[in-house]
Amino acid sequence: MAEPALALLPLKNPVSNPVIAVNVSAEQGTSLWKDAARRLKKNHAAIAGLVTVTVIILACLILPSIAGLLADPNLQNLPNKNQPPGGAHWFGTDHLGRDIFSRVLFGGRISIAVGLITTFVSITIGVCWGAFAGYCRGAVDAVLMRIVDILYALPFLIVVILLGKTIEPLTSKLTEAAINLVAGANADSAQVNTTRTWIEPITTLVPLFLAIGTLSWLTVSRIVRAQVQNVASMDFVEAARSLGLGHLRILFRHILPNSMGPIIVYTTLTIPGVMLLEAVLSFLGLGVKPPNSSWGILIEEGSNRMLSNPWLLFFPSLFFSLTLFSLNFLGDGLRDALDPKSAKD
Amino acid sequence: MFRTLFSRFLQGLIVLFVLFTITFFLIKALPYGPFQSDKAIPGHIREKIEAYYGLNEPVYVQYGRTLGNLLKGDAGASMRLEGLPVTDIITQAFPNSIQLGVVAMAVAVLLGIPLGVFAAWKKNTVFDYGAMMIAMIGICIPSFVIGPLLAEKFGRDLEWFPVTGWSRSSPLSWILPAITLGLASAAYLSRLTRAGMLETLSQDFVRTARAKGVGELAILTKHCLRGGLIPAVAYIGPAFAAIISGSVVIESIFAVPGLGLHFIKAIETGDTPVILALVLLYGALIIVANFVTDVLGVWLNPRLRSSR
């Protein structure tokens with residue numbers, strides 16, 4: 001936090017730097033981020049996306065925590081099975097009589113967590129890997145990219161099966177440790193149980209995060225590498241080098257910011273990918289355990305009955321698609337806003 | 001050029017060797033083997049089977065023998081489909097997989113890239129939003145939903161295309177599976193093309209060209225397309241490999257006799273020779289696809305040829 005404040009200091013204190021003072025009076029003290037925020041506000045599609053995604057995330061976070069508001073997502077009510085939407089069940093019920101509305105909201109928590117966390121991991125690894133390969137070229141590039149080739153071709157399914165086998169005992173240990181940490185060592189059994197109800201769903205997802213995060217960065221790295229190679233061959237990089245800037249500084253301060261467009265776009269594309277991958281991995285026993293659910297799992301279950309009970313597919317898909325559409329337009333808006341060249345438009 | 005080609009060929013061999021080694025030991029670490037069944041196999045019979053396949057030897061001996069046989073060009077026979085040579089499985093199923101993959105990739109490229117160029121050209125207008133919405137539909141609706149829907153509508157209701165009955169000689173039977181398989185990649189390609197084109201369109205030389213009165217179409221196709229395609233082309237290599245190896249869902253929906261199902265079944269049963277052969281095949285495919293992508297990348301950006 002301290003560094004940006006220092007960097008902004010000359011702007012806030014125009015007297016100390018007369019050259020900047022002229023700019024400040026003309027532009028009313030804008031910084032890169034203020035500028036970006038201003039441009040973002042003008043982009044209606046991006047703002048609509050931001051609002052929608054915030055509403056969905058808040059709904060999934062808050063509504064299920066209010067006791068008694070939603071039906072228990074895992075409560076089976078067989079006389080009420082396969083109800084179409086309407087009445088007591090807004091989104092209908094499934095073949096076990098469970099309320100789809102609360103299943104979608106509870107499942108949304110898991111999907112959003114998986115989507116955001118694994119995307120962050122995979123984009124971070126992918127961007128660094130691809131950036132180094134694209135910037136260094138030569139032998140470093142060859143080694144890094146051949147590792148990517150190997151990982152591409154490894155049978156993902158076997159890796160997942162083995163990961164599930166080796167990590168399962170570790171997760172239960174992790175769960176116990178986390179409960180001990182949160183509830184305190186000498187908590188009574190009631191306290192331990194209440195802590196367990198919310199900690200266990202998180203810790204059982206750790207292998208899932210690991211599996212998706214470590215295997216989904218490959219394509220990002222290839223795209224970033226191509227983009228960095230392209231930008232690194234431009235004249236301003238030559239200029240930066242002739243000014244004596246270090247390699248890391250050139251790469252992270254000059255090349256990467258100029259490669260942001262494809263990176264942001266691929267980030268918004270990774271989120272739906274990992275959310276659907278989660279459903280596949282959960283099906284293989286690594287991740288969400290039934291009766292708990294997620295959007296991916298609900299969509300997969302719904303697709304089996306999509307012709308007879310279309311609402312089972314429709315509502316989870318609606319939330320899933322709405323979130324991704326919004327993130328997408330938000331991503332495009334961010335790209336435009338962060339691109340100083342678009343200020344001219 | 002020949003030096004690059006030779007160097008990449010050697011690198012490819014190393015990749016395949018490492019891939020073989022890792023996969024071999026991964027399979028050996030699997031908690032199950034090919035000869036597990038619901039009925040308990042009597043001990044002496046199991047011993048005979050294991051001795052027949054050499055499974056009773058130490059792992060490193062098995063590793064050396066398998067590697068030696070592969071180097072001699074002998075991939076062995078499937079353990080699950082008793083006695084069926086791996087080469088037969090590949091020669092029967094691989095052409096179908098490749099054909100489906102090529103058609104699906106063509107669908108993706110022909111649909112995705114024009115859509116992305118169009119969206120970038122009409123940036124932040126209704127057309128742009130419309131094109132990107134279509135793309136997002138391709139990403140948000142998974143193939144196991146789109147596939148049956150297409151089969152229901154265009155196969156069963158309208159009877160335009162056959163739903164099953166894949167045949168390498170009848171193009172009509174390719175359409176539905178190829179569209180289902182290619183749609184997601186088309187969507188990715190259009191998003192990446194749009195991003196790349198926007199990057200290029202905002203550069204100064206485009207403004208110069210506009211000032212000189214160059215037409216919009218010429219600016220798009222002659223000035224910007226090469227630079228704008230860089231992220232999309234980087235995606236094509238991995239996407240092609242993923243399409244070839246990841247078509248299991250489509251194969252089962254449209255009854256395409258491809259490799260995907262063999263691969264899954266082999267992994268489920270720990271059928272070592274089939275898994276190894278298919279992993280190496282996919283590996284070779286990925287190496288070639290990524291090499292072609294790199295060559296295309298240099299062609300798109302001539303500055304990469306001379307620099308350093």
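Numbered from 1 within each chain, the chains take letters A, B, ... in sequence-line order. These numbers come from a predicted model, not from an experiment.
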Rounded distance (nearest 0.5 Å) linking atom CD of B/Gln203 with atom CE of A/Met234: 4.5 Å
Heavy-atom contact with chain B under 4.5 Å, split by part of A/Pro262: both
statement: Between B/Tyr188 and A/Gly273 the two heavy atoms that sit nearest each other are OH-CA, 4.3 Å
Interface moiety of B/Glu152 toward chain A, non-hydrogen atoms closer than 4.5 Å: side chain
statement: Value for CZ (B/Phe144) from CD (A/Glu300), rounded to nearest 0.5 Å, stands at 4.5 Å
message: Which atoms of B/Asn290 are under 4.5 Å from chain A, going by heavy atoms: the side chain, the backbone, both sets, or neither?
response: both
- prompt: Can you name the residues of residues 147-157 of chain A that have some heavy atom under 4.5 Å away from a heavy atom in chain B?
  reply: A/Asp149, A/Ile150, A/Tyr152, A/Ala153, A/Leu154, A/Pro155, A/Leu157
- request: Taking all non-hydrogen atoms of both residues into account, name the closest pair between B/Cys140 and A/Phe320 and its distance.
  value: O-CE2, 3.2 Å
- prompt: Side chain, backbone, both or neither: which part of B/Ile267 has a non-hydrogen atom closer than 4.5 Å to chain A?
  reply: side chain
query: Side chain, backbone, both or neither: which part of B/Ala29 has a non-hydrogen atom closer than 4.5 Å to chain A?
result: both
Side-chain heavy atoms of B/Val298 within contact of A/Gln229, under 4.5 Å: no
statement: Between the CG atom in A/Asn328 and the CD1 atom in B/Ile139, the distance rounded to the nearest 0.5 Å is 6.5 Å
query: Which heavy-atom pair separates B/Ala234 from A/Ile223 by the least distance, and what is that distance?
result: CB-CA, 3.9 Å
Engaged part of B/Ile275 at the chain A interface, taking heavy atoms whose separation is under 4.5 Å: side chain
ring-ring contact (aromatic ring centres under 6.0 Å, His included) partners for A/Phe315, two or more places apart: A/Phe91
task: Enter the distance from B/Leu192:CG to A/Gln227:CD here, rounded to the nearest 0.5 Å.
output: 10.0 Å
- prompt: What pair of heavy atoms forms the shortest contact from B/Pro142 to A/Leu276, and how long is it?
  reply: CB-CD1, 4.0 Å
- prompt: For the atom pair CG (B/Asn124) and CG (A/Asp336), what is the distance rounded to the nearest 0.5 Å?
  reply: 5.0 Å
task: Check whether B/Leu281 gets within reach of chain A through its side chain, its backbone, both or neither, counting any heavy atom under 4.5 Å.
output: neither
message: Whether B/Asp294 and A/Arg222 form a salt bridge (side-chain N of Lys/Arg under 4.0 Å from carboxylate O of Asp/Glu) is what I want to check.
response: yes
- line: Rounded to the nearest 0.5 angstrom, the CD1-OG distance for B/Ile146 and A/Ser303 is 12.0 Å
field: Residues that B/Arg226 engages under salt bridge (Lys or Arg N to Asp or Glu O under 4.0 Å), provided they are two or more places apart
entry: none
- prompt: Looking only at heavy atoms, what is the nearest atom pair of A/Asp332 and B/Arg191, with distance?
  reply: OD1-NH2, 2.9 Å
statement: Residue set satisfying ring-ring contact (aromatic ring centres under 6.0 Å, His included) with B/Trp121, at least two apart, ordered chain then number -> none
- request: Specify the closest pair of heavy atoms between B/Glu199 and A/Met260, including all atoms of both residues, with the distance to one decimal.
  value: OE2-N, 4.4 Å
